[in-house]
Amino acid sequence: MKELSKAYEPQKYELDIYQTWEESGYFDPDNLPKAGEPFTISMPPPNATGTLHLGHAVMLAIQDLMVRFWRLKGRQVLWVPGTDHAAIATQNVVEKKLWQEEKKTRFDFERDDFVKQVTDFVENSKTTIRQQFRAMGASCDWSRERYTLDEGLSQAVREVFVKMYNDGLIYRGHRIVNWCTRCGTTLADDEVEYKEQKTKFYYLKYGPLVIGTARPETKVLDKVIIVHPDDKRYQKYIGQEFDVPWIDGTVKARVIADPVAEPETGTGAMTITPAHSFTDFELAQKYGLEAVKIIGPDGKLTEKAGKFAGLNVKSARQAIVEELRARGLVDRIDDNYVHNLSICYRCSTPVEPMPSEQWFVAVDKEFLHVSGRRVTLKQLMKETVADGQIEIIPERFVKVYHHWIDNLRDWCISRQIWFGHRIPVWYCGGIDQTSTLKMGFAETVIPRVLAGMTRTYRIHDHHFKIGDRVAFENSRDNLLFGYGTIVQVERAAIKNISLADQLHQTFYKSVDELLAAFRCHYPPTEVITGDTEAILYTYTFESIDDKESARQGCGRIVVSVDKPQNCPGCGSQKPVQDSDTLDTWFSSALWTFSTLGWPAYAKTATAGRPGPKNDLANYHPTDVMETGYDLLFFWVARMILMSTYALGEVPFRKVYLHGMVRDKQGRKMSKSLGNGIDPLEMIAKYGADALRLAMIIGTTPGNDFKLYEEKIAGYRNFVNKLWNICRFVLMSVTEPKLVETVPPTVTVADKWILSRFNKIAGLVTDKIETFEFSVAGEALYDFTWHELADWYLEVAKIEGGKDEILNYLLTQILKLWHPYTPYVTELLWRESFGSEADLLMIQRWPTDLPVINEAAEKEFTVIKQIVAAIRAYRAENKVSLKSNLSVLIRGFDLSAEVINLIEKLRTGSQVSNNSENKAEIVLHFNKGQLTLKQL
RNA sequence: GGACGGUUAGCUCAGCGGUAGAGCACUGCAUUCACAUUGCAGGGGUCAUAGGUUCAAAUCCUAUACCGUCCACCA
């Protein structure tokens, strides 16, 4: 006989159990015994910023449930963990920390040093996250852990980028983009959030018309008015030009008719600001208008704003409204205008639309797909879901998904932040001043250089070769004034220098004077005079007189997986990489296959062979993508895009979307509200199993759910119940043993419980397979507590001789619970069956199920009802158990054993069957229905 | 403006065509029997509102209200 402690204390065992699992090696599918078909889940990589929160806990609970279930079903299970570098989010966290601790911004550091700091920070959080994910009991394969900035994954990023570029799907364009002035970077359309805000709406006199705007500060240079072509009020102005007194003097304005102007909105007339509005930018393109940037990347007004230059948006608005008022141009102001303000999803700073040169992924452009068809990325994304290659659960998100794609615009993928994957694009030469070689020129020579005379001289030390990128520097004040690429190098003895060269004729009267000039420009050691052996090098270069256009060098750009040695256009050996990084979702979009060895093993991976090098063939497409519905667009859609594009296969077969965790008031958990529940605290208090149950039972896919401590405590009670069921079994049987075959039955109760077990096991299996985890869990919970514990164990105390059945039920029930509550079940398994039995996590899911016995079920139901009726009679009539009660049952034929059972099931009764003695209560049966009769 | 989800016992939620369900909370009883992180019994709901379909509606349809979310717009 074995005795467990009275209550389960999770804290005492969890770490040890996890360690046992991990050391067993079974998280790695290559080590699983008799492995069957693969089953794969790519774990959504948490941001490498912080700590475990309830969102992670939910995903881990659900995914671990599936993973453990399928492992018990004999599948070759791979669950790949990892972390996401989360570009902006992570950089922001580090920036915030640097500011708080040292009052420094990233611009106080060299780029590499700053990135190093972020990298160190990330290493730290990764360690934390690993431990926390273990605490949840996640049975993922840590030997295959990945990080989006790993070399392999970065290679995947570059590979896909280059492929897309070559397919014409990635392009660099000057377009209006969302700009966060705080983060100093662009944002994708879906990285912009909206917040309703009450603001002032200004009606301004603009020539003979009145226009409405919420943003007067952008209107400084507006000179085109749009009205609806059918708007009667403005018919007479269409096509006309006016001199309009405006913010900064008088502007020449004209009126254009276009149906975008809605007569009902505002005054029906609007001026357009091409540089700071998406719709206006489109209009400007349509009518060939210039887009002048009024607001700069720093959020301040540019020099184009005249006297308002340098003001930030807020003060500029005030100043400009003041100016308008002074000029008598304010018609009226509406104070109650509700404006939908766009803000950055990472830092909540208002987002400014502004034109900028960025990299985009074209979603509407046709290309030749690996399938041989000409398609667009949008079509690929849509068709895989429409034709059922990918199933989304719950189904209603299919519509949301399609609607999103229909509205999708080209995806802006470049970011002006430092932490992330550098865009694999190199420019000829380069603008990077630190890596550009300098050449000094006497001030007097500069005009000649700029005029296109492209020769200069340097003595003795041969610093430059063909293709070198050189910066022209004024040797007097050391200012750079231009760039050039050396295209020819000639070597000559110094004595051969003559003034025949036109350049020298102009500026120097003799060789001595020329040498004297050199002495001024270079350190003395570089100029050797009076020695006929001295060598002078003559360089010829292409001059580019403007710093900005110098950026493109000879004009060639190289898009390549590896850093190019030199420029294919001019041979420049100083290719300079684009300073931008990629949108973090670009790399996470590759997650399902970049983590499995693409592209390194894409060609050699072989299905059926073990080892990480074959993962791509064995485990892709993955089976299920389980994540929150908030990531449907950001991530799920983009994974579908990238996988179908790059591999020509779906990234996963099914998408299961869970809801968001909220507090008891239905609010989002947030740090500022202080309503967050710390999962680790809950684990410490109630155990990981209880937390897992609280997040799975009572929740439905795609719907938000509320989590609070009492709920977790409730499931802690259940886990303890399970513990005590096992404790009871171990105390009652002579020898605990693993029973896999259906045991023989003796009594009605035996037949009933095994029949019920069969049904529940079948239901649990079906429901887990169809992603109804809550339904399965609830049914199992009800069976375990209210049938097995409340009834069968009570019967067992009376009837006895049930070792085989109790051992069977224990063996099987632990398996059924394992996906939900891995810790307690694994521990009970070990406690019950000893160390000679292998781990519960790799047992076989119950397959040898007892027969369903409807008759026994019906009969036992009657027993339950009789017992309940007697107990109810006692409770209602306040008849204590101490006083005996006689019961007459009519209409049902009860055996002597059954009557004995009823009497002993805490009814304290003497039961008679079909007799006519002095019963205090009569239970009457009619067609199986029970009615209670009191005499 | 469009779409989606919710509205069921005091609270949190299942159920989605066939006599209202669970957990928690509440009330009464039990006092150590595997478990008080317990057991037994009980109270409590015209399933948001109004119409309709049906032999039968929480469940299907059509409106409405309120709560929430997403998308679009935003002069």
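Model, not experiment: these values are computed from the prediction. Just so we're on the same page: letters track the sequence lines, and every chain starts at 1.
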Handout entry: Closest listed nucleotide, where the reference is the side chain of L793(A) and the choices are G23(B), A34(B), G28(B)
Key = A34(B)
Fill in the blank from the handout: Across every strand shown, the nucleotide meeting Watson-Crick or G-U wobble geometry with A36(B) (both distances under 3.5 Å) is none
Problem - Base-pairing mate for U31(B) - Watson-Crick or G-U, with both contacts under 3.5 Å - result: none
Exercise for the section: For C55(B) and C47(B), measure between their P atoms and round to the nearest Å. Expected result: 22 Å
Exercise for the section: Determine the contact category for E778(A): base if any of its heavy atoms lies under 4.0 Å from a base atom, sugar-phosphate if only primed atoms, P, OP1 or OP2 are that close, otherwise nothing. Expected result: sugar-phosphate
Practice task
Measure from the ring center of Y8(A) to the ring center of Y823(A) and say whether it is less than 6.0 Å.
Solution key: no
Practice task
In whole angstrom, give me the gap between the P atoms of A48(B) and G15(B).
Solution key: 15 Å
Exercise for the section: Measure from the side chain of A872(A), starting at C-beta and using heavy atoms only, and say which of A75(B), A41(B), C35(B) lies closest. Expected result: A41(B)
Handout entry: Spatial distance of atom CG (L814(A)) from atom CD (E831(A)) [nearest 0.5 Å]
Key = 11.5 Å
Exercise for the section: Tell me what N703(A) touches on the nucleic acid: a base, only sugar-phosphate, or nothing, going by heavy atoms under 4.0 Å. Expected result: sugar-phosphate
Fill in the blank from the handout: As its Watson-Crick or G-U partner within any shown strand, both distances under 3.5 Å, A50(B) has U62(B)
Exercise for the section: If A22(B) has a Watson-Crick or G-U wobble mate with both distances under 3.5 Å, name it; if not, just say none. Expected result: U12(B)
Problem - Nucleotide nearest Y194(A) when distance is taken to its side chain, options A72(B), C35(B), U37(B) - result: A72(B)
Problem - W404(A) vs A72(B): side-chain N/O to OP1/OP2 distance below 4.0 Å - result: no
Handout entry: C1' spacing across the pair A72(B) / G1(B), given as an integer number of angstrom
Key = 8 Å
Exercise for the section: Take R871(A) and I211(A), find for each the nucleotide of RNA chain B with the closest heavy atom, and name the residue whose nucleotide sits nearer the 5' end. Expected result: R871(A)
Completion exercise
A65(B) glycosidic conformation (syn if within 90° of 0, otherwise anti) is anti
Practice task
Considering just the side-chain nitrogens and oxygens of T699(A), establish if one lies under 4.0 Å of OP1 or OP2 belonging to C13(B).
Solution key: no
Handout entry: C1' atoms of C16(B) and A30(B), separation to the nearest Å
Key = 40 Å
Practice task
Compare side-chain N and O positions of N720(A) against OP1 and OP2 of U38(B) and report whether any pair is under 4.0 Å apart.
Solution key: no
Handout entry: Whole-angstrom distance between U19(B) and G45(B), as gauged at atom C1'
Key = 15 Å
Exercise for the section: Quick one: look up who G68(B) pairs with, Watson-Crick or G-U, both distances under 3.5 Å, and put none if it's unpaired. Expected result: C4(B)
Fill in the blank from the handout: Of the candidates U38(B), A75(B), A14(B), the side chain of M270(A) sits closest to A75(B)
Practice task
Tell me what T267(A) touches on the nucleic acid: a base, only sugar-phosphate, or nothing, going by heavy atoms under 4.0 Å.
Solution key: nothing
Handout entry: From C35(B), A14(B), G39(B), nucleotide with atom closest to D790(A) side chain
Key = G39(B)
Handout entry: Watson-Crick or G-U counterpart of G45(B), or none if no pair lies under 3.5 Å
Key = none
Exercise for the section: Describe the nucleic acid contact of T273(A) in one word from base, sugar-phosphate, nothing, applying a heavy-atom distance below 4.0 Å. Expected result: nothing
Practice task
Report the C-alpha separation of F634(A) and Y345(A) in whole Å, then their side-chain angles, then the decisive distance to 0.1 Å, and conclude whether the ring-ring contact (aromatic ring centres under 6.0 Å, His included) test is met.
Solution key: CA-CA 12 Å; F634(A) 278 130; Y345(A) 83 136; 5.5 Å; yes
Problem - Donor-acceptor pair (no angle test) under 3.5 Å: K6(A) side chain, A34(B) base - result: no
Handout entry: Residues D406(A), K382(A): salt bridge by 4.0 Å N-O rule
Key = yes
Exercise for the section: Give one of base, sugar-phosphate or nothing for A713(A), where a contact means two heavy atoms less than 4.0 Å apart. Expected result: nothing
Exercise for the section: Check the surroundings of atom NZ in K200(A): do more than 12 heavy atoms from other residues, nucleotides or ligands lie under 6.0 Å from it? Expected result: no
Problem - Closest to side chain of F201(A), choosing from A75(B), G39(B), A34(B) - result: A75(B)
Practice task
Write down the distance separating the P atoms in G43(B) and C60(B), rounded off to the nearest Å.
Solution key: 30 Å
Handout entry: Side-chain heavy atoms of Y287(A) within contact of D258(A), under 4.5 Å
Key = yes
Exercise for the section: Please figure out whether K399(A) or H786(A) has its closest RNA chain B nucleotide nearer the 5' end. Expected result: K399(A)
Handout entry: Parallel, tilted or perpendicular: ring planes of Y781(A) versus H786(A), cut at 30 and 60 degrees
Key = perpendicular
Fill in the blank from the handout: Side-chain contact check for Y708(A): nearest option of C71(B), G23(B), A34(B) is G23(B)
Exercise for the section: Using a heavy-atom cut-off of under 4.0 Å over every strand shown, decide if A214(A) touches base, sugar-phosphate, or nothing. Expected result: sugar-phosphate
Practice task
Would you kindly say whether T821(A) and D689(A) are connected by a side-chain donor-acceptor distance under 3.5 Å?
Solution key: no
Practice task
From the options C71(B), A75(B), G39(B), select the nucleotide whose nearest atom is closest to the side chain of F633(A).
Solution key: C71(B)
Problem - From A34(B), U38(B), G42(B), nucleotide with atom closest to M731(A) side chain - result: A34(B)
Handout entry: U46(B) and A65(B), which share atom name P, separated by this distance in whole Å
Key = 25 Å
Problem - hbond_proxy E772(A) side chain to A14(B) base (donor-acceptor, 3.5 Å cutoff) - result: no
Handout entry: C1' gap between G44(B) and U8(B), integer Å
Key = 13 Å
Handout entry: Nearest-nucleotide pick for V400(A), side chain only, options being A75(B), C70(B), A72(B)
Key = C70(B)
